[in-house]
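Notes follow the structure.
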2 protein chains.
Amino acid sequence: MLKEERQKFILDQVHLHHRVLLNDLSESLNVSIDTVRRDVKELAKDRKLKKVHGGATSFGFMNFRKDEGNVYLQSKKIAIAEKTVSLLSEGQVILMSGGTTNMEVAKMIPKKMALTVFTPSLHVAMELLELPEVEVIFLGGKLLHDAKFAVGGTVVNSLSQLRVDLCILGTGYLDAEFGLTEFDWEVIQVKQAMIRAAKKTVILSVSDKLHSVQKYKTCDMSAVDVLVTELDPANELLDAFRPFHLQLI
Amino acid sequence: MLKEERQKFILDQVHLHHRVLLNDLSESLNVSIDTVRRDVKELAKDRKLKKVHGGATSFGFMNFRKDEGNVYLQSKKIAIAEKTVSLLSEGQVILMSGGTTNMEVAKMIPKKMALTVFTPSLHVAMELLELPEVEVIFLGGKLLHDAKFAVGGTVVNSLSQLRVDLCILGTGYLDAEFGLTEFDWEVIQVKQAMIRAAKKTVILSVSDKLHSVQKYKTCDMSAVDVLVTELDPANELLDAFRPFHLQLI
DNA sequence: ATAATTCTTGCATGATCTTGCAGCATTTGC
DNA sequence: GCAAATGCTGCAAGATCATGCAAGAATTAT
């Protein structure tokens, strides 16, 4: 692996997670910690990231607000949100999961568009309430502290009584072979119920999360109808997903 | 965990709660109190927060939240919230309605107190999720755009399956003769269901709202067990409520 | 093609940073 | 004023960092 690739990987990680540990980098790159240290030092000299004891952070890490995200990722998410909104049409009844990408979608829905949206995400609900023509129905249940997301039997139960047009799932980990995966067992129960409740399933994913796998599986790729990324649909990174009967935008 | 992450966490807490205790930080971060002390000292040197004996505060703690309207009213609400929190005890299951006063209550609940709280208010749920020991269950339903409050049959139905220790109702209009009133029909359905679901009903009201009446009636004063105002319980403004079997604090 | 040079990488060493603890000073609440 | 809580300092163990060095890879000069 070239030095350049390594440094790009390091930068990507920093942009994605806002902070990295030298040890983790050393392990995932299969190089000594010294090499990583030197790379980070170099990147820090070029002001590409900020070096701290034991790792590195993105600039503005301290002022970083959860709801703002960083510019690098943010632009990708906005691109995804724009494409996603184009899938919506007046009067539809849809389901939206949580995650920052879905929040962007909510922000980007036209002010005059009438929709009915069910969601188990506090943040998404909050955004949707800014739109006067959108009827927002919260799928109540036990809330997860970190994700601000309702899970549990109540949510799944409510979902089992629905049959909606569209289900928009954000922030999952995606892999052509293993399908859609998550790291939280309770969340996948809800997402599975969401998929069951909808005629059509749309997955939003920034390209960083393609080809990454987590512990628990939400569904196969075959259950997905549309995959939205920030990439051009012709991009080679998406080749692995072409064998499935899904729309790439 | 990186030092930067710790310091960011501390700053976030300070911004959120306007004051933190070193002990709480030490516990939630799983580091010694000395480390927290050093971090706070460092942040204080950078003028990111203000260090005080036993903890830290945000700058301008005294005049905080001028942007959220009336400081005068705010201080009353904080006084009410303090009294209300004293009614709570470990392990209780409670209901909380919406409103800014209830948000203050949520902010003032001790970090270590374990509670289970049901609420139909997005804002209150949001605040409660900052408390690690509080289990938050959102009562899902159609959300009102302005109040960010869930109403409708789903909410009432969920409530009919509950029997909790305490119900805390904020922002109502109160009159000794006409009882508790509201201006929104859907909201009173929910509040009535909340009262029915609880063994004990607590009403929070700033004194400005005493002796004012709105269109729809939630309940009689006789249904109220505790009335919390910012006033001294002996204040003559409360005389009208003394004939009822309720606790004034 | 071969040799010299430069670059890169991993390892060893000692320096520096971080963190928790113990002992004593200071502040706070009663 | 007293007891308890909080704060400060120095110290020690462990982690992290900087530096020099050597072996191998890539590049350049001859």
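First the proteins, then the strands, lettered A, B, ... as listed; each starts at 1. Only a predicted model underlies this, so the values are computations on that prediction, with no experimental measurement involved.
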Integer-rounded Å distance: [N] [atom2] and [X] [atom1]:
X     : N      : atom1 : atom2 : answer
A/D39 : D/dA18 : CG    : C1'   : 16 Å
A/I33 : D/dA15 : CD1   : P     : 12 Å
B/L2  : C/dT19 : CG    : C1'   : 14 Å
B/E4  : C/dT19 : CD    : C1'   : 15 Å
B/L29 : C/dT18 : CG    : C1'   : 15 Å
B/K41 : D/dT9  : NZ    : P     : 5 Å
A/K45 : D/dA18 : NZ    : C1'   : 13 Å
A/E42 : C/dT9  : CD    : C1'   : 13 Å

Inset, instruction - Might you work through the salt bridge (Lys or Arg N to Asp or Glu O under 4.0 Å) test for A/E104 and A/K107, ending with a clear yes or no? - result: CA-CA 5 Å; A/E104 287 305 321; A/K107 279 182 192 162; 3.7 Å; yes
Inset, instruction - Side chain of B/H53 only, please: which of C/dG10, C/dT27, D/dC17 is the nearest? - result: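 The answer is C/dT27.
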Taking only the side-chain nitrogens and oxygens of [X], find out if one of them lies under 4.0 Å from OP1 or OP2 of [N].
X     : N      : answer
B/K3  : C/dT19 : no
A/R6  : C/dT8  : no
A/N23 : D/dA15 : no
A/R37 : D/dT19 : no
A/T35 : C/dT9  : no

Inset, instruction - Look at the side chain of B/D34 and the base of C/dC21, then say whether one donor and one acceptor between them are separated by less than 3.5 Å. - result: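 Yes.
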Inset, instruction - Would you state whether a donor and an acceptor, one from the side chain of A/R38 and one from the base of C/dG10, lie under 3.5 Å apart? - result: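 In this structure, the two groups form a donor-acceptor pair.
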Inset, instruction - Using a cut-off of 6.0 Å, state whether more than 12 heavy atoms not belonging to B/R163 lie near its atom CZ. - result: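 More than 12 within 6.0 Å, yes.
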Legend entry - Sugar-phosphate only, base, or nothing, as touched by B/V52 at under 4.0 Å among non-hydrogen atoms: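 Sugar-phosphate, backbone atoms only, no base.
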Inset, instruction - Using a 4.0 Å heavy-atom cut-off across all strands, classify B/L22 as base, sugar-phosphate, or nothing. - result: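 Sugar-phosphate contact only - B/L22 comes under 4.0 Å of backbone atoms but never of a base.
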Inset, instruction - State whether B/D34 and B/R38 are salt-bridged, where the test is any N-O pair (Lys NZ or Arg NE/NH1/NH2 against Asp/Glu carboxylate O) under 4.0 Å. - result: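 Salt bridge: no.
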Inset, instruction - For the pair B/S97 and B/N102, evaluate side chain to side chain donor-acceptor pair (under 3.5 Å) and give the outcome as yes or no after the intermediate values. - result: CA-CA 7 Å; B/S97 75; B/N102 257 322; 3.1 Å; yes
Legend entry - Nearest-0.5 Å distance that lies between atom OG1 in A/T119 and atom CE in A/M126: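 Going from OG1 on A/T119 over to CE on A/M126, the span is 12.5 Å.
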